[in-house]
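Atoms within a ligand are numbered from 1 in the order they appear, just like the ligands themselves. Bear in mind the structure is a predicted one, so any value in this text is a computation, not a measurement.
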Amino acid sequence: MYISIQKTKKIEPKTNTLYLVKSFHEVNATIFTYEELTFIENESENNKKTSFSFNRFTYWDFIEIVKEKDDHFHFLESLRVLADKYVTIFNETRLESVSIQSESLTAEESLAFAEGLVLANYQFNKYKTNKEAKFNLLKSVLLQNKDVSKAQTEELNIVTEASLTARTLVNEPVNFMTAPQLAIEIEMLAKDAGAKVEILGKSKIEALKMGGLLAVNKGSIDPPTFTIFEWKPKKTVNKKPLIFVGKGVVYDTGGLNIKTGNYMNNMKADMGGAAAVAGAMFAIAKAKLPVHVIGLVPATDNRLNNNAYVSGDVITMFNGMTVEVLNTDAEGRMILADALAYAQKFNPELVIDLATLTGAASHAIGKYGIVAMGSNNEAFLNDLKMSGEETGERLVEFPFWEEYEELIKSEIADMKNIGGSDAGAITAGKFLEKFTNYPYIHLDIAGPALVEKRFNYRGIGGTGIGVRLLFNYAKRRSTKT
Ligand code: BES
Ligand code: ZN
Ligand code: ZN
């Protein structure tokens with residue numbers, strides 16, 4: 001499985017060790033020779049070199065002189081990115097275990113580095129039949145820092161496992177990860193974490209009249225699913241639940257408005273929102289946070305067959321509102337709208353949805369952040385932005401002015417499912433907002449959910465974006481009453 005971090009009081013001599021220091025003066029003079037220390041001093045002073053490695057034949061010593069950044073959060077992120085560099089070095093050196101001596105860093109800084117190591121070491125090898133030489137060997141990481149507690153490393157292990165599990169859910173192709181399979185995967189995660197889970201199948205979805213989810217599913221041979229993951233411990237800080245909703249389009253062909261060229265290539269990742277919700281719920285339950293949280297995942301593929309929904313259809317949604325479909329490729333909002341309306345029955349404190357919703361969001365800010373919009377309570381979005389800074393899963397707020405609503409007015413129904421060429425990420429958000437009556441945050445993760453080239457510790461393929469963000473948010477919520 002994924003590597004986990006173990007705290008250690010003392011690192012065994014003559015084992016692979018990375019010393020993280022803030023200046024060369026902190027390099028341990030009992031471990032390095034006088035010549036080595038002089039060399040390190042010269043190279044760091046004169047040539048601004050920060051990384052040193054010593055091949056001891058039966059083991060390695062590494063030294064990194066960490067450069068501090070003025071901005072605290074930027075520094076934490078730079079430590080995660082630095083850890084990625086070391087994961088590459090450790091694996092190229094074929095190391096199976098390594099100890100990190102980070103006494104000159106704070107607990108938070110040490111943990112950020114450790115987090116980067118675990119996340120960067122992830123590989124998705126399930127479908128490789130050869131055990132390739134380039135597979136990572138790194139399995140064990142010991143962390144020495146007197147300020148880091150066991151509870152902190154345990155929490156880190158839970159959150160990184162959840163984040164990497166979300167990557168795997170995204171990386172699985174649709175010929176395995178169908179909507180029913182996604183529901184089973186979420187069910188397994190909930191059971192593992194000791195939480196409640198319920199899977200609504202097609203007949204239940206029909207009985208509930210979730211028209212949006214059923215319309216998108218019409219072109220599919222697999223039934224839709226609607227999964228409800230609930231964590232409600234005995235003691236909770238919140239009276240009304242927090243709800244996370246994830247777009248679970250297991251594959252988006254576009255439907256009859258079929259995606260052309262290579263626009264379809266990564267559309268197995270169109271359930272990145274669902275993966276984020278599943279991962280975050282798993283981590284929150286496993287860490288036993290005293291918060292009442294519910295995860296909702298509507299899932300289907302968006303395909304075309306003789307029965308597929310078409311442009312021009314008018315669909316009656318779960319809450320009775322009607323939608324004129326003018327593009328079958330704007331399917332995410334159709335299934336999310338039903339889930340958001342369903343969320344009303346829980347009388348939530350806040351609902352956050354995560355969705356690979358629009359190419360427009362991705363075009364606007366790329367893979368570097370999450371496009372965010374919020375309504376009904378500014379304070380919630382400010383809190384979530386703080387979680388974004390802390391975790392490196394940053395948010396950019398887009399305007400959410402009511403004027404945008406004119407762009408989705410329909411002549412014949414309550415609204416249409418596309419705006420126009422302008423402000424595509426916002427009109428999608430405005431569409432969703434119509435199905436809410438509670439404090440609401442919409443997160444469009446179309447840019448960062450999947451990357452085609454390795455993107456530091458975030459890896460290649462599914463990034464698991466959103467898991468660490470939501471966990472951090474729930475954790476901070478759990479400390480407030
Ligand atoms: N799943 C796509 C959005 C997407 C695009 C995600 C690129 C990740 C990368 C979504 O269902 C979609 O097709 N959106 C359309 C909406 C349009 C028809 C209004 C889009 O963005 O083009
Ligand atoms: Zn689409
Ligand atoms: Zn989609």
* Answer yes or no for Lys126 and Phe176: cation-pi contact, defined as NZ/CZ to six-membered ring centre under 6.0 Å and angle to ring axis within 45°. => yes
* Under the 6.0 Å and 45° cation-pi test, does Lys367 pair with Phe455? -> yes
* To do: Name the orientation class of the two ring planes belonging to Tyr122 and Tyr2 (parallel below 30°, tilted from 30 to 60°, perpendicular beyond 60°).
  => tilted
* **Mutual orientation of the aromatic rings belonging to Phe400 and Tyr440 [parallel < 30°, tilted 30-60°, perpendicular > 60°]** => tilted
Quick one: look up the protein heavy atom nearest [atom] and list residue, atom name and how far away it is.
| atom | value |
| --- | --- |
| atom 22 (O) of ligand 1 | Gly359 N, 4.5 Å |
| atom 2 (C) of ligand 1 | Asp252 OD2, 3.5 Å |
| atom 15 (C) of ligand 1 | Asp329 O, 4.1 Å |
| atom 14 (N) of ligand 1 | Leu357 O, 3.4 Å |
| atom 19 (C) of ligand 1 | Ile418 CG2, 3.3 Å |
| atom 7 (C) of ligand 1 | Met267 CE, 3.6 Å |

* Hey, is Glu331 close enough to Lys247 for a salt bridge, meaning N to O under 4.0 Å? -> yes
* Any N or O on Thr358 sitting closer than 3.5 Å to an N or O of ligand 1? -> no
* Asked: Heavy-atom contacts under 4.0 Å between Asn327 and ligand 1: side chain, backbone, both, or neither?
  -> side chain
* Where on His363 is there a heavy atom closer than 4.0 Å to ligand 1, on the side chain, on the backbone, on both, or on neither? -> neither
* Asked: How wide is the angle at the Zn ion (ligand 3) between OD2 in Asp252 and OD2 in Asp270, to the nearest 10°?
  -> 90°
Check each atom of ligand 1 against the heavy atoms of [X] and keep those under 4.0 Å away; list them by number with element.
| X | result |
| --- | --- |
| Ala446 | 6 (C), 8 (C) |
| Lys259 | 2 (C), 12 (C), 13 (O) |
| Lys247 | 1 (N), 10 (C), 11 (O) |
| Glu331 | 11 (O) |

* Asked: Under 6.0 Å between the ring centres of Tyr342 and Phe226?
  -> yes
* Sole residue of Glu108, Glu115, Glu390 in salt bridge (charged side-chain N to carboxylate O under 4.0 Å, His left out) with Arg80 -> Glu115
Considering residues, nucleotides and ligands other than [X], do more than 12 of their heavy atoms fall under 6.0 Å from its [atom1]?
| X | atom1 | answer |
| --- | --- | --- |
| Glu378 | CD | no |
| Lys239 | NZ | no |
| Met321 | CE | yes |
| Lys288 | NZ | no |

* Measuring from the heavy atoms of Arg333, does anything fall under 4.0 Å of ligand 1? -> yes
* Could you tell me whether any N, O or S atom belonging to Ala355 is less than 2.8 Å from the Zn ion (ligand 3)? => no
* Would you mind naming the N, O or S atom of Glu331 nearest to the Zn ion (ligand 2)? => OE1
